[in-house]
Amino acid sequence: MESWFSLPGLGSVALGTALLGFLSGVLGSFAVLRKQSLLGDAISHACLPGIILAFLIFATKNPLGLMGGAMVAGAIAILAILGISRFSRVKEDASMAIVLSVFFGAGLMLLTWAQQRADSAQAGLTRFLFGQAATLMYRDAAILAFLTVVCLSLTLLFWKQLQLISFDPGFAASLGMKVKGWEVFLSLLQVVVIVAGLEAVGVVLMSALLVAPAVAARQWTNRLGQMVFLAGIFGALSGSAGALLGNLPGLRLPTGPVIVLIVTAVVLLSLVFSPLHGLLFLWSRQRRGLQTRMVLENLASMARGHGSIEHGHNLAMLQACSSNPALVKNSLKELIRLGLAREVAPGLFSPTGDGILLLESPENWQGEATP
Amino acid sequence: MPETPAHNAVDVSDLTVSYREKPVLWDIDLEIPQGILVGIVGPNGAGKTTLIQTILGLITPLAGSARLLGQSPKKALKQVAYVPQRGTVDWDFPATALDVALMGTYGRLGWFRRPGAKERNEANEALERVGMTSFAHRQIRQLSGGQQQRVFLARALAQKAKLYLMDEPFQGIDATTEAALVELLRDLRNRGATALVVHHDLQSVKEYFDWVVLLNIRKIAAGPVEEVYTEANLKAAFGARVPLGK
């Protein structure tokens with residue numbers, strides 16, 4: 001292992017960003033399911049003034065000191081968001097927008113001011129804007145590993161509670177759960193992840209690593225456990241791929257934007273190709289359903305021509321009626337499987353009573369022919 | 001008949017709830033005995049949902065208090081099952097019908113224990129009682145409105161409660177589900193349970209319920225259907241336009 005980590009920092013960079021991505025994906029899943037994707041964005045932007053103030057006050061660039069500042073600012077931001085939407089008529093989305101812009105504006109102002117000071121101690125503060133994973137040391141990766149273990153254990157330990165407040169908070173409260181308390185707990189876990197990711201990914205784009213893996217994972221599964229796990233994997237892969245690509249020799253791009261592009265690609269691929277909810281699949285399923293229905297219509301109208309729905313016709317006749325003859329055979333198989341058509345004599349097909357009934361009440365169609 | 005229980009199912013006294021300055025429930029007294037089916041009826045904005053949620057302790061009243069099964073709401077919660085309106089949750093949530101039914105067992109599990117084989121059996125039994133066994137592994141989005149409502153009921157059944165509080169379970173469901181639901185409610189009552197059901201269809205109140213609570217911010221009337229479900233009380237609750245086609 002020693003030799004891997006003694007490579008010019010790449011080992012710790014890949015490991016650190018993978019852990020960060022995994023944790024982001026896991027906790028981001030709950031944020032997405034609770035429709036609070038924007039909260040992470042507001043919190044991460046709000047961390048900037050905390051970082052700069054910590055630097056100005058304590059005159060240190062010790063990561064733990066700066067993270068402490070970010071944590072405090074993030075916590076104040078959450079309280080401000082909750083407070084504004086609770087004690088005024090301003091809705092939560094508006095209060096998030098207000099807090100995000102005010103805190104981020106103050107942060108940018110402080111950053112500019114710090115940069116104008118004569119000494120050069122401030123060099124490198126700008127990496128908190130867009131992230132620079134190349135600065136991740138082995139020690140940082142160890143801290144991230146520790147945080148991953150802690151946050152993951154808490155998530156697994158309180159799985160029931162997190163599931164309930166995400167799906168049905170009213171029911172959760174009726175079981176005697178303190179829903180507000182659990183919401184704060186979940187938000188705090190998110191703050192920890194966000195703050196942990198600020199240096200590597202940056203305040204501007206950190207929320208993408210929280211939200212996008214969860215959105216992608218949701219496309220592939222209908223189970224919460226699988227979704228959370230898959231989001232973790234997507235996050236880990238995107239995080240480490242982004243960090244390594246951005247630091248290819250001679251490139252040295254800020255990590256945040258590279259990760260965002262990669263994770264967005266994962267989302268797009270999932271939206272198009274997932275067999276559960278993917279656009280491609282839905283589209284072909286719709287087309288198949290329509291095609292199957294047309295074959296049944298043809299069978300029925302030809303049989304009626306002979307005065308009996310029992311009257312069968314062969315495949316060639318059906319293909320002659322169809323604009324897409326190649327698909328007719330499969331549609332016919334599907335109809336027989338669903339009990340909507342049958343083979344009355346070898347090679348001759350007719351609709352069944354159920355098939356005729358279905359044609360007469362089109363509202364029943366969709367669920368039946370598109371299993 | 002089960003022996004008469006010592007306590008009322010619900011005791012509400014002097015209950016007043018307001019959102020900001022607007023009163024939603026005003027000075028309500030209510031005594032509901034155990035072992036009956038109770039319809040809660042009133043116009044939109046009458047405070048029906050608020051009444052149920054306040055009884056459960058989900059809303060803090062401005063004044064007054066509620067007792068369930070002779071205990072404070074907090075102590076009674078383990079014997080109470082709440083069925084929220086179907087529209088209050090996102091059915092796109094990654095869960096199967098069985099996952100949702102399983103949530104009904106969470107109250108018995110405490111903070112840390114995970115549902116095991118015993119709980120899965122209980123959830124499956126609950127799904128069977130509402131006729132949803134063959135849909136146990138369906139994603140909840142792929143169920144019809146009536147089937148979703150059955151899943152919610154299965155979750156409540158898995159709680160094995162004595163008191164059921166249901167918010168509009170008949171809203172937007174098919175006739176088959178409605179009949180099955182009524183059958184289920186009667187079965188619960190015959191086992192000694194009590195159900196408070198927020199209900200919209202004034203025609204079926206007499207057929208479905210033993211008691212009725214007529215509500216319009218104030219309590220208009222509460223008692224056995226044949227005594228209090230009168231034209232005069234309905235007019236008092238709904239104003240002149242009683243939507244009761246006679």
Side-chain angles (χ1 to χ4, degrees), chain A residues 29-30 32-36 86-89 153-182 185 214-215 217-231 274 276-277 285 363-364 366-368 370-371, chain B residues 20 49 52-53 55-59 68 73-78 80-86 88-100 102-115 119 137-144 147 151-152 155-156 159 161 163-165 167:
Chain A
S29 296
F30 293 101
V32 167
L33 289 173
R34 300 184 64 241
K35 302 184 176 49
Q36 294 213 313
R86 178 154 185 187
F87 295 113
S88 75
R89 304 202 78 137
S153 313
L154 288 172
T155 306
L156 291 176
L157 197 59
F158 298 118
W159 186 264
K160 291 195 312 257
Q161 286 87 344
L162 296 180
Q163 181 197 31
L164 276 185
I165 62 162
S166 304
F167 174 60
D168 193 346
F171 177 75
S174 83
L175 294 182
M177 273 175 60
K178 300 266 172 283
V179 174
K180 276 272 171 291
W182 287 104
F185 170 72
V215 172
R218 180 68 188 87
Q219 307 304 314
W220 297 94
T221 171
N222 281 328
R223 304 299 300 275
L224 180 62
Q226 290 170 2
M227 171 182 167
V228 169
F229 178 71
L230 210 53
S274 138
L276 286 180
H277 310 278
R285 201 169 68 165
E363 70 274 11
N364 294 336
Q366 265 194 333
E368 292 299 325
T370 54
Chain B
R20 298 188 191 269
T49 297
I52 280 195
Q53 292 185 339
I55 289 175
L56 276 164
L58 306 189
I59 295 175
L68 309 179
K74 216 175 180 173
K75 280 191 178 155
L77 279 180
K78 282 217 159 48
V80 179
Y82 170 47
V83 181
Q85 281 183 34
R86 189 158 51 83
T88 56
V89 306
D90 177 7
W91 291 91
D92 243 346
F93 194 84
T96 61
L98 182 62
D99 290 335
V100 177
L102 206 52
M103 292 176 193
T105 67
Y106 285 7
R108 291 193 286 280
L109 290 173
W111 275 46
F112 303 112
R113 253 179 57 220
R114 299 177 146 260
E119 283 74 25
H137 300 289
R138 274 263 182 109
Q139 205 269 324
I140 49 178
R141 161 62 72 204
Q142 295 158 0
L143 301 171
S144 71
Q147 290 168 337
V151 171
F152 256 16
R155 183 176 69 176
Q159 290 184 260
L163 173 61
Y164 293 81
L165 300 172
D167 203 346

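This one's a predicted model, so the numbers in the text were calculated from it and none came from an experiment. Naming convention: chains lettered A, B, ... in sequence-line order (proteins, then strands); numbering from 1 in each chain. In what follows, every heavy atom counts, from backbone to side chain, and hydrogens, waters and symmetry copies are set aside.
Between B/Pro115 and A/Lys160 there is a side-chain heavy-atom pair separated by less than 4.5 Å. Side-chain contact between A/Arg223 and B/Asp99: present, with at least one pair of heavy atoms (C-beta onward) separated by less than 4.5 Å. The closest side-chain heavy-atom distance from A/Leu157 to B/Trp111 is not below 4.5 Å.
The structure places CZ of B/Phe93 at 10.5 Å from CZ of A/Arg34, a figure rounded to the nearest 0.5 Å.
Heavy-atom pairs under 4.5 Å with chain B peak, among A/Met227, A/Arg218, A/Gln161, A/Gln163, at A/Arg218.
With a 4.5 angstrom heavy-atom cutoff, B/Gln53 does not touch chain A via any of its atoms. For a residue to count as touching a neighbouring chain, one of its non-hydrogen atoms must lie under 4.5 Å from one of that chain's; by this rule A/Gln226 does not touch chain B. If you measure heavy-atom distances from B/Val83 to chain A, you find no contacts under 4.5 Å at all. For a residue to count as touching a neighbouring chain, one of its non-hydrogen atoms must lie under 4.5 Å from one of that chain's; by this rule B/Leu102 does not touch chain A.
Residue A/Phe185 places its CZ atom among more than 12 non-hydrogen atoms of other residues, nucleotides or ligands, all under 6.0 Å distant.
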Could you pull out all donor-acceptor pairs under 3.5 Å where a side-chain atom in residues 168-180 of chain A meets a protein atom, sequence neighbours excluded?
from, atom 1, to, atom 2, distance (Å)
A/Asp168, OD1, A/Phe171, N, 3.2
A/Asp168, OD2, B/Arg155, NH1, 3.2
A/Asp168, OD2, B/Arg155, NH2, 2.8
A/Ser174, OG, A/Phe171, O, 2.7

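Checked options A/Leu33, A/Thr221, A/Val228; the residue passing with B/Pro94 is A/Leu33 (criterion: side chain to side chain contact (heavy atoms under 4.5 Å, CB included)).
Applying the side-chain hydrogen bond (donor to acceptor under 3.5 Å, both in side chains) rule to A/Lys35 yields the partners B/Asp90; only residues at least two apart in sequence or on another chain are considered.
Using cut-offs of 30° and 60° for the angle between ring planes, the A/Phe167 and B/Trp91 rings count as perpendicular.
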